[in-house]
Amino acid sequence: MTDTTSTTGATGNSDTPKHRYTAALAGEIERRWQDNWQEQGTFHAPNPSGPWAGDDAATVQAMEKFFLQDMFPYPSGAGLHVGHPLGFIATDVIARYQRMTGKNVLYTMGFDAFGLPAEQYAVRTGQHPRKTTEENITTYRRQLRQLGLSHDDRRSFATIDPDYYKWTQWIFLQIYNAWYDDAAGKARPISELVDAFAAGEVATADGRAWAELTDAEQRAEIDGRRLAYKSASPVNWAPGLGTVVANEEVTNEGLTEVGDFPVFKRNLPQWMMRITAYADRLIDDLDRLDWPESIKAMQRNWIGRSTGAAVEFPVERTGHLIEVFTTRPDTVFGATFMVLAPEHPLVDELVPEAWPEGTKPVWTGGAATPADAVAAYRLEASRKSDVERQADEKSKTGVFTGGFARNPLTGNAIPVFIADYVLMGYGTGAIMAVPGQDARDWDYAKAFELPIIRTVQPSEGHDMDTPFTGDGPAINSSNDAISLDGMGVADAKAAMIAHLEEHGIGRGTINYKLRDWLFSRQRYWGEPFPIVYDADGVAHALPESMLPVELPEVADYSPKTYEPDDADSMPESPLDRATDWVEVELDLGDGPKTYRRETNVMPQWAGSCWYEMRYTDPENHDRFVDPGCEQYWMGPGRGAGAGVANDPGGIDLYVGGVEHAVLHLLYARFWHKVLFDLGQVSSEEPFRRLFNQGYVQAYAFRDHRGQPVPAAEVVEHVDGDTTTYTWEGQTVTREYGKMGKSLKNVVTPDEMCDQYGADTFRVYEMSMGPLDQSRPWETRAVVGSQRFLQRLWRNVIEEETGELRVTDDAPDADTAKLLAKTVDGVRRDFEHFGFNTAVAKLIELNNAVTRLAAPPRAVVEPLVQMVAPLAPHIAEELWQRLGHEQTVTFEAFPDADPALLVDDTVTCVVQVLGKVRDRLEVAADVSDADLEAAALASERVQSAIGDKQVRKVIVRAPKLVNIVAG
């Protein structure tokens, strides 16, 4: 939006004093100090071991450390807007403050650079995605440097660097070559699984002895237990994109996030990660983490642990059993129909040639046969996302399969339907429908004219036209073998589980929403798998000596695409066409043979699953991280974990947006736990503490079509109390939203640095409000931060001459007391990320110094030190001009004189019969007796007492006196 140019902008004017702190001077100072920091390696954090361990390794080991990082940014072609650096500046303030408290601080920045956006751009332009991605990274690094972020630049890397993804591939092989031992509750090497099979400690699938199995059968047993395995799994297939997409890449409308192409459910062979083996640990260990409770709740809900029972319903005609999981086994008597996911493997077995007698018209979907009905419905369901399929507000759909199952407790035949609200990805892909106790089942029963049997007595006054989901005595729940009638829900559940287990028709169990992690993409721009296949199609892991498996050069980066509605098509990766790379001769220990490489690539999540570990030791070519480095920077009981009971270890602070609350954090925790189980790391968790920053929001404007127009080109018109807006002469409407390209309301940090300087921009971003809350952007408000820094400059530097203004005289008592309170408050604010209140305190102190004839050095120097984390360039410049040869970076943060923090006087409240009657200014150390005497001598108090007798005086010196009179 059109803005007034700052009067102290880059050009200045003839009236501007020569040494005024203008945007031009700020820019010159900032570039000079950025060069100095880089040349001196100011922010290089020493390591206690590994390639960077020097002669002072023991000294480093003894230093208190602090490891913080931002969430991996993706380097988009658009570069940064002012919303992106909010978290980056905050972490820089924290890093700089922690250095001033004497800690060894590890703070750096890398780039999550694989992924679909770069590949899509390569498809459109023909440019290699590495070229465009590296250009974007160059832009990001320039912008981040411009902001004065104190990153250890030696530790920076991108996930697309072969030296990095070599170790991503290595970690994949650790997971591939591991299995989860339920008895031990941890992952173990595959070699130990073979020994356990041979010793009979682990049973084979069919119970035969290990020695009785053929080589192929033994291999199948091993592959079936790997933590990374290949399996035919239901996936989201997008023919129009030519690739499988993850659930999070599908919109609520069932379209791809990129391109708006239809998505279909298909069973395809894919690489999977057995994250479900860690479900309990991923939930339980949340209690050990210092994370926002809302994020913990999201992870618990995503994993979805619930206790209940598995119940088997026999299928008529086929002899099969349909297993369902239910959290309400007490309601089995009320199951009047069943619903399967359209993809359930038993559906085809259930379908007869013709509709059975008694089939209601509403059950058939208008189809002539059950097979026609099921086929049509399956196609319809395949076009919907999981989110869309589960939406509560949509109408109930489905068709009768033509098959029946029997309720194992009542013996009644119950119809089996398929419906899209049941997913194969949750539970068993089948439900028993108890409409009397479940709202979804009730709606379905009403829509399809199915019977409703209540199994819990509704409470008095309950609307009998709705299901009852509360607690109450069981009803209609008995047969010759068991009666639940009269029991409460908890007792009825326990009794039913015991009955199911006794009669072999079910068992108590725990279920999870969490599914194994789909780990394949039919793309080019991702980490290649370190897997090859022999002539028989058997997978072989490559040895570490053959890593990294680098991406080949290809002429066409696009996967084979199809008509968007071609649901029967098959994925073909761009790598399939790189035949010289795909077909390879290798010697894997039994002589040279021809193998075929895996042509899928890893998902973008892979590189961000472990980057925090590589930050600690990025120059190590022999190992993914030196054990000593990992233990020092991330081990339990160190840094923020010192003295914390049951500390899991991990980095001391992780800052990023709430949008990564589940998937990235869950996947990273899973990888870390596997590495911990295998003895590769000492820490059990990657991120000990998590902080979610808010967003920067900004005004956006739309034209008469509802399309966004460039906010920077909108003109504001004020007429009295009325404000209107136009763009190119046309009236536009104003709204508020998250800053971004889509709303055309982006303001870049480059603009802010050019117009005001990086330090002003930093101070403004930190002063806008609490860090964890979203805040409005208002360019015109930046000038307030600029004025603060200009006043600070004038307090030290004479604008006309450039000479120092400070004096060595001692500050007066009031200024000394204000300084102490500011030091104490700002230190506390920095510790708790209250940067907006820290800025307010610094402005108050700075204004007080401005009113002094000659600013005392004893006040100015600690003021500069306190400003340094927020505005480091001007602080370095002023610190040097104050006569210091060393950088302010490692100067000890000021300490407050405790004696000056005590108020000389405090306000004492005097109450008579509980009502405030007077307020007295008294000495902070006033005695009880003196305070009581002063309170009773008050004219207001005496007037309130009147002719009553004082019966009791309660004194809480120095702040309260309560007089009881009657």
Side-chain angles (χ1 to χ4, degrees), residues 290 292-294 691 694 766-775 784 788 810-852 858-859 862-863 866 893-966:
D290 184 5
E293 283 304 319
S294 60
F691 187 93
M766 293 298 96
S767 66
M768 292 166 70
L771 184 60
D772 60 348
Q773 296 179 16
S774 294
R775 69 281 311 280
F788 161 53
D812 62 77
D814 289 343
T815 304
K817 183 176 286 293
L818 178 59
L819 171 64
K821 288 186 175 181
T822 304
V823 168
D824 182 62
V826 170
R827 178 184 286 270
R828 196 162 50 247
D829 288 339
F830 280 168
E831 291 284 354
H832 297 95
F833 315 151
F835 305 128
N836 59 317
T837 54
V839 170
K841 292 179 177 71
L842 291 170
I843 289 174
E844 181 184 3
L845 176 61
N846 191 54
N847 288 343
V849 174
T850 301
R851 291 189 288 270
L852 301 176
V859 177
L863 173 58
M866 288 187 285
F893 198 83
D895 283 316
D897 182 348
L900 296 177
L901 296 176
V902 179
D903 287 325
D904 294 332
T905 62
V906 295
T907 301
C908 175
V909 173
V910 183
Q911 297 177 333
V912 177
L913 296 175
K915 293 185 178 181
V916 176
R917 297 300 184 182
D918 202 358
R919 287 180 171 84
L920 307 176
E921 291 297 316
V922 298
D925 58 352
V926 65
S927 67
D928 286 1
D930 289 345
L931 187 56
E932 178 179 341
L936 291 173
S938 162
E939 292 184 8
R940 292 182 179 179
V941 170
Q942 286 297 325
S943 176
I945 293 173
D947 56 1
K948 299 184 184 71
Q949 182 179 354
V950 175
R951 298 189 178 277
K952 188 175 183 180
V953 180
I954 302 169
V955 180
R956 297 286 184 265
K959 293 187 177 182
L960 177 67
V961 175
N962 192 4
I963 299 170
V964 181

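Small disclaimer: the values here were computed from a predicted structure and weren't measured.
The line from CG of D829 to CE of M866 is 11.0 Å long, rounded to the nearest 0.5 Å. Going from atom CG of N847 over to atom CG of L842 covers 11.0 Å, rounded to the nearest 0.5 Å. Once rounded to the nearest 0.5 Å, the distance linking CZ of R940 with CZ of R919 reads 9.5 Å. Note: L913 CG to R951 CZ = 10.5 Å, rounded to the nearest 0.5 Å. For the atom pair OG1 (T822) and CG (L863), the distance works out to 8.5 Å, reported to the nearest 0.5 Å. Atom NZ of K821 sits about 9.5 Å away from atom CD of E844, to the nearest 0.5 Å.
Within the 4.5 Å cutoff, side-chain heavy atoms of T907 are placed close to those of E921. Contact of the V922 side chain with the D930 side chain is not registered, since no non-hydrogen atoms from C-beta on lie closer than 4.5 Å. Counting only heavy atoms from C-beta outward, the side chains of P862 and L819 approach each other to under 4.5 Å. In this structure the side chain of N962 reaches within 4.5 angstrom of the side chain of Q911, judged on heavy atoms. Counting heavy atoms from C-beta on, the side chains of D925 and P958 never come closer than 4.5 Å. Considering only heavy atoms from C-beta on, V859 comes within 4.5 Å of L845 through its side chain.
Closest approach of V961 and A935 over heavy atoms only: CG1-CB, 3.8 Å. For the residue pair S938 and D918, the shortest heavy atom distance occurs at OG-OD2, 2.6 Å. When all heavy atoms of A896 and V823 are compared, the pair lying nearest together is N-CG1, 3.5 Å. Counting all heavy atoms, side chain and backbone alike, A816 lies closest to L900 at O-CD1, 3.7 Å. Shortest non-hydrogen contact noted between T837 and G834 is OG1-O, 2.8 Å. Between A957 and L931, the closest heavy-atom pair is CA-CD2, 3.7 Å.
Side-chain atoms of Q942 come within 3.5 Å of backbone atoms of L936 as a donor-acceptor pair (strictly under, hydrogens ignored). A donor-acceptor pair under 3.5 Å links the side-chain atoms of R827 to the main chain of F893, judged by distance alone. Using a distance-only test at 3.5 Å, with no hydrogens or angles considered, a donor-acceptor pair links the side chain of T850 to the main chain of N846. At distances below 3.5 Å, at least one donor-acceptor pair connects side-chain atoms of K817 with backbone N or O atoms of V902. Remark: side-chain polar atoms of R775 are paired, donor with acceptor, to backbone N or O of G769 under 3.5 angstrom.
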